[in-house]
**Student:** 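Input: one structure, supplied below.
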Amino acid sequence: MLGLSADRLQADMNRLLTLLFHQGVLDEQFLQLQELQDESSPNFVSEVVNLYFRESDKHLRNLRAILMDRECLDYKKLEIHLNHFMGSSSSIGAKRVRNVCLAFRAASEQNNRVGCLRSLELLEHEYCFLKNNMHELFHIEQQRVMAAGVRYPMLD
């Protein structure tokens with residue numbers, strides 16, 4: 001066989017998704033997002049998630065910049081970015097990222113710079129873990145679609 005079958009790739013996708021749900025990386029909101037995808041918008045989920053990643057990269061840069069300003073740490077500005085990050089994470093079902101945002105916000109509300117720095121480090125870790133796994137999922141999906149579209153002639 002020249003490549004993996006569409007069925008095998010679908011099984012790989014299902015295993016990865018099951019693992020991400022079991023680990024608490026994703027929640028049911030991701031399933032609801034998938035339900036919005038159809039033949040008229042076959043790339044809907046990957047487009048929404050990629051938009052989330054572009055925006056989240058900006059939020060992470062802003063959070064780090066705010067925390068690195070030792071002279072004028074603006075906790076209100078920090079909370080604004082956290083609320084945006086938390087909301088967008090919730091909308092795609094990024095459960096662990098959202099949960100870290102909650103802890104980060106609690107540290108920010110207490111004006112706890114050390115707690116915020118620890119939370120930022122954990123947030124970057126969870127975000128990177130999510131991003132890598134979602135890219136893997138979309139890569140498998142792309143392979144599955146290509147495999148499903150390839151038709152081999154039947155040999156008699």
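None of these values were measured; they are calculated from a predicted model.
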**Student:** Any non-hydrogen side-chain atom of His84 less than 4.5 Å from a side-chain atom of Glu55?
**Tutor:** no
**Student:** Search all heavy atoms of Phe21 against all heavy atoms of Glu28 and return the closest pair with its distance.
**Tutor:**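 Answer, listing the atom of Phe21 first, then Glu28: CE2-N, 4.0 Å.
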**Student:** Heavy-atom distance under 4.5 Å between the side chains of Leu63 and Lys58, does that happen here?
**Tutor:** no
**Student:** Starting at CZ of Arg61, measure out to OG of Ser56 and round the result to the nearest 0.5 Å.
**Tutor:**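 If I round to the nearest 0.5 Å, the distance is 10.5 Å.
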**Student:** Taking atom CZ as the centre, does Arg113 end up with more than 12 heavy-atom neighbours from other residues, nucleotides or ligands that are less than 6.0 angstrom away?
**Tutor:** yes
**Student:** Is there a side-chain contact (heavy atoms from CB on, under 4.5 Å) between Leu17 and Gln34? Walk through the geometry before answering.
**Tutor:** CA-CA 12 Å; Leu17 276 173; Gln34 285 184 312; 3.8 Å; yes
**Student:** Would you say the side-chain atoms of Asn111 and Ser108 include a donor-acceptor pair closer than 3.5 Å?
**Tutor:** no
**Student:** The test is side-chain contact (heavy atoms from CB on, under 4.5 Å); show your working for Leu60 and Arg64 and say whether it passes.
**Tutor:** CA-CA 6 Å; Leu60 283 171; Arg64 179 160 292 287; over 6 Å; no
**Student:** From Glu39 CD over to Phe44 CZ, what is the distance, rounded to the nearest 0.5 angstrom?
**Tutor:**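 So the CD of Glu39 and the CZ of Phe44 are separated by 16.0 Å.
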**Student:** If the plane angle is over 60° it's perpendicular, under 30° parallel, otherwise tilted; pick one for Phe53 and Tyr127.
**Tutor:**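 Ring orientation, 0 to 90° scale: perpendicular.
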**Student:** Can you tell me how far the CD atom of Glu141 sits from the CG atom of Leu137, to the nearest 0.5 Å?
**Tutor:** 7.5 Å
**Student:** Can you name the nearest heavy-atom pair linking Leu73 to Leu67, along with the distance?
**Tutor:** CD1-CA, 3.8 Å
**Student:** Mind listing the closest non-hydrogen atom pair of Gly115 and Ala107 along with its distance?
**Tutor:**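 So the two residues come closest at C-CB, 3.8 Å.
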**Student:** Could you check Arg96, Lys131, Lys95 and say which one makes a side chain to side chain donor-acceptor pair (under 3.5 Å) with Glu126?
**Tutor:**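 Checked Arg96, Lys131, Lys95 against Glu126; only one passes side chain to side chain donor-acceptor pair (under 3.5 Å): Arg96.
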**Student:** Using a 4.5 Å cut-off on heavy atoms from C-beta on, say whether the side chain of Ile92 contacts that of Gln29.
**Tutor:**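 No. Closest side-chain heavy atoms not under 4.5 Å.
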**Student:** In Å, rounded to the nearest 0.5 Å, how long is the span from CD of Glu79 to CD of Glu109?
**Tutor:** 5.0 Å
**Student:** Could you see if Leu130 belongs to whatever hydrophobic cluster contains Leu31? Use Ile, Leu, Val, Met, Phe, Trp, Tyr and a side-chain cutoff under 4.5 Å.
**Tutor:**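 As far as the 4.5 Å side-chain criterion goes, Leu31 and Leu130 are connected within one cluster.
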**Student:** At what distance, to the nearest 0.5 angstrom, does NE2 of His59 lie from CG of Leu123?
**Tutor:**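 Going from NE2 on His59 over to CG on Leu123, the span is 11.0 Å.
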**Student:** Atom NE2 of residue position His135 - does it have more than 12 heavy atoms of other residues, nucleotides or ligands inside 6.0 Å?
**Tutor:** yes
**Student:** Going hydrophobic residue to hydrophobic residue with side-chain gaps under 4.5 angstrom, can you get from Leu122 over to Met86?
**Tutor:** no
**Student:** List the steps, then state whether side-chain contact (heavy atoms from CB on, under 4.5 Å) holds for Leu33 with Val49.
**Tutor:** CA-CA 10 Å; Leu33 189 64; Val49 171; 4.2 Å; yes
**Student:** For atom CD of Gln142, is the number of surrounding heavy atoms from other residues, nucleotides or ligands below 6.0 Å larger than 12?
**Tutor:**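 Open: at most 12 neighbouring heavy atoms sit under 6.0 Å from CD of Gln142.
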**Student:** If you define the side chain from C-beta out and look only at heavy atoms, does anything of Ser91 sit under 4.5 Å from Tyr52?
**Tutor:**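 With C-beta onward as the side chain, the pair stays apart.
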**Student:** Is any side-chain heavy atom of Asn112 closer than 4.5 Å to one of Val114?
**Tutor:**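 Side-chain contact under 4.5 Å: yes.
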**Student:** Please walk me through it: do Glu121 and Arg118 pass salt bridge (charged side-chain N to carboxylate O under 4.0 Å, His left out)?
**Tutor:** CA-CA 5 Å; Glu121 190 175 309; Arg118 279 192 215 129; over 6 Å; no
**Student:** Is there a side-chain contact between Glu35 and Val45 (heavy atoms, below 4.5 Å)?
**Tutor:** no
**Student:** Just checking Phe104 against Phe85, ring centres under 6.0 Å apart?
**Tutor:**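 When the ring centroids of Phe104 and Phe85 are compared, they turn out to be at least 6.0 Å apart.
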**Student:** So which of Asp7, Asp12, Asn14 actually passes side chain to side chain donor-acceptor pair (under 3.5 Å) with Gln10?
**Tutor:** Asn14
**Student:** Donor-acceptor pair, distance only, cut-off 3.5 Å: does the side chain of Asn43 make one with the backbone of Ser46?
**Tutor:** no
**Student:** I'd like to know whether Asp27 forms a salt bridge (charged side-chain N to carboxylate O under 4.0 Å, His left out) with Arg98, so could you lay out the CA-CA distance, the side-chain angles of the two residues, the decisive distance to 0.1 Å, and finally the verdict.
**Tutor:** CA-CA 10 Å; Asp27 64 19; Arg98 184 197 66 231; 3.1 Å; yes
**Student:** Can you see which heavy atom on Ala147 is nearest to which on Ser5, and at what distance?
**Tutor:** CB-C, 4.3 Å
**Student:** Does some side-chain heavy atom of Asn133 sit less than 4.5 Å from a side-chain heavy atom of Val25?
**Tutor:**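 They are not in side-chain contact.
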**Student:** Hey, are the side chains of Met134 and Phe30 touching, using non-hydrogen atoms and a 4.5 Å cut-off?
**Tutor:** yes
